[in-house]
Protein chains: 2
Amino acid sequence: MNIKDIARISGYSVGTVSRVLNSSSNVSQKAHDQVMGVVDKYHFEPNANARSLKRTDTHSIAVMVKGRYNPLFANILEKLHTYLDMRGEDVYVAYLDEDENEVQFALRYQKAHNPRGIVFLGGELEYFKQDFCQIVCPCVVITNSTQTLPFTNLSCVLTNDGQASSDIVDVLIQAHHSKIAVIGGNLSQGQISLRRLSGAIRRCAQAKIPFDMSLQYEPCHFSMREGYDALLRVLKRVPQTTAIFALGDVIAIGVMRALRDIGKSVPQDISLVGFDGIESSQFCIPRLTTVRQDTTRLAERGAAILLSMIEGTSRGSVCEIVDHTVLKGETVKNLSELDN
Amino acid sequence: MNIKDIARISGYSVGTVSRVLNSSSNVSQKAHDQVMGVVDKYHFEPNANARSLKRTDTHSIAVMVKGRYNPLFANILEKLHTYLDMRGEDVYVAYLDEDENEVQFALRYQKAHNPRGIVFLGGELEYFKQDFCQIVCPCVVITNSTQTLPFTNLSCVLTNDGQASSDIVDVLIQAHHSKIAVIGGNLSQGQISLRRLSGAIRRCAQAKIPFDMSLQYEPCHFSMREGYDALLRVLKRVPQTTAIFALGDVIAIGVMRALRDIGKSVPQDISLVGFDGIESSQFCIPRLTTVRQDTTRLAERGAAILLSMIEGTSRGSVCEIVDHTVLKGETVKNLSELDN
DNA sequence: CTGAAAGCGCTTACAG
DNA sequence: CTGAAAGCGCTTACAG
């Protein structure tokens, strides 16, 4: 069943059928009704390959998701998907490993499929510097800043990671913690971890709290398992630690479990704060004190910016910051009795 | 840059370039080297739309994921993706809501994209009965049984939900629990919840433990939030409950948090078991006693069965069961002091 | 408003 | 082994 069959059955030419299907204005009501009758009767769907082969304006948007198990991205992705569906876009999702080169993947995808636009959930700036110049369609990075890059077809939406980290570390400092360890991420690549760590260090410095990177910082991937192991490593180095800042909630959950397994309780023995505000962080025991990224807004703005770039209504690239919120949970103990 | 450009630059015809690209046997080594030189130099990627428009054998496989936030499916999907990628298949993933009609969606997708095969992660048998007859390509359902359906192009891979439920409820019974509540799912549709509940009831009956559906069973969607609320409802009805079987781990995590919020501790006051064995279940505090579905195997077998159906090497549809494992956590208390 | 025709970028029998 | 040509199922100027 193809457009020719519909043409034959409805008594019109393929051109007219195509016009009806694409709701062109140059069709009579009669032709429209006649054709749609046949289309509905046979549940006809035009072949997407042929359609996008011909069309100059495809309606497909690709989303590159960096990290397969990231609940924050899963959450943003779902909302993004819903939003783009509503706007009539076809969405293609590609999942990449945390370390894979998303720009090269996008490049290959662009050549094979010629999408209207690309969304990157997470992004490694180094890769963008190397290869993004070859990407011609509008793109938006969600959760990382591309402001320092010179590309006019590249925008970004993100949380102010530095400020948010500073805010959550502030919760620890207000509770009189001064022996703070930071766990998670990878500073050699991936600016997000670096920005979060810097925010934490900056806040410490303001409070005149010393922070020795080589002792008090421990990198790891964003997973419970790795958070678990990293906690053990860092506590071996600095057993006097009274509080931990995990750069992601999944890491924090692993940390919490590790502390329990070595007989330390949260927050009585050690306080803990996370980052992201994923659902699990508010259901675990104790409830995690963390900073919530506004996934709804990140998704909405990401989609809106991309579509406006595609439609040419926005002038060049933008970089938008979305507000964050500190969620007070049950994982921070106030060390000063006076405050209680 | 298209195949014509490559032909012009390499000095061969488009036919030959196409043959090189598709590694046909009828090409000289010289032509191959010449053409590939140009292809590599310009990083040429053939247009996927044109290619699959022409090809009778597409290399795309569609995956319908039922429920956007399901960590079990996320886990299976990741492995499935990896496996299919290795086999050179293009994978398209569609996320549907828990209640959406996946068969109608697949039908539309089939007409527009003509995939080689379709994987359903989760599936509502009612929808299959209504519309699956219109689907012509090989399909496999993962985590639900389609054995009772008469379609030769439909296979399935699943855990024996009834047996697994019986096994996990057995853990409660061995610990001398007899006042058990079951939480989760929706019996009016979705056979999985029903099979799990039935397994639980069967095991109770064997042990001569009464089970009153209208009192001791409480439905809810598979989410922490809904598990949380469902626990409150069921405990209001049967406050004497000593143990809870949550039909999914995410529900169990919500239940655990709700119990904490009403001042009950797990397992001292109430014991709890789950189903699925997702990562969080082994990091939460206390660690959840649950039954683990073998996601690696479900993904591997699902992919293998689908591919063998596509290649015509398997005869008709199959229904495979994958083994499960009981994970002993810290959420079940033995009520009899004698056993300790 | 409608039809006939060209063409999107490929693949694949068909000759040679 | 290679080239010329037909055709996959659509869309869209071009006439009328």
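These numbers were taken from a predicted model, which means no experiment stands behind them. Throughout, a chain's letter reflects where its sequence line sits, starting with A, and its residues are numbered from 1.
When the C1' atom of D:dC8 is taken as reference, atom CD1 of B:Ile3 falls 15 Å away, rounded to whole Å. What separates NZ of B:Lys30 from P of D:dT2 is a distance of 8 Å, to the nearest Å. Distance, B:Asp33 CG to D:dC1 P: 13 Å, rounded to whole Å. Taking atom CG of residue B:Asn26 and atom C1' of nucleotide D:dG3, one finds them 13 Å apart after rounding to whole Å.
Using N1 to N3 plus N6-O4 or O6-N4 for Watson-Crick, or N1-O2 and O6-N3 for G-U wobble, each under 3.5 Å, D:dG16 pairs with C:dC1.
With hydrogens and angles left out, the side-chain atoms of B:Gln29 and B:Asp33 include a donor and acceptor closer than 3.5 Å.
When distances are taken from the side chain of B:Ala50 to each of C:dC10, D:dC1, D:dT11, the shortest belongs to C:dC10. The side chain of A:Pro46 approaches D:dC10 more closely than any other nucleotide in the set C:dG3, D:dC10, C:dT2. You'll find that the side chain of B:Asn2 is closest to C:dG9, out of C:dC1, C:dG3, C:dG9. Side-chain proximity of A:Ser13 to the nucleotides D:dT2, C:dG3, C:dC10 is greatest for C:dG3. Out of C:dT12, C:dT11, C:dG3, the shortest distance to the side chain of B:Arg19 is found at C:dT12. The side chain of A:Val14 has D:dT11 as its nearest neighbour among D:dT11, C:dT11, C:dG3.
For residues 5-15 of chain B, every residue pair satisfying the side-chain hydrogen bond (donor to acceptor under 3.5 Å, both in side chains) rule, not counting sequence neighbours, is listed here: B:Asp5-B:Arg8, B:Ser13-B:Thr16.
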N/O donor to acceptor pairs below 3.5 angstrom from side-chain atoms of residues 129-137 of chain B, sequence neighbours left out:
from: B:Asp131; atom 1: OD2; to: B:Gln104; atom 2: NE2; distance (Å): 3.2

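The ring of A:Phe120 has its center closer than 6.0 angstrom to the ring center of A:Phe128.
Within the nucleic acid shown, A:Asn47 comes within 4.0 Å of sugar-phosphate atoms alone, with no base atom in reach, counting heavy atoms only.
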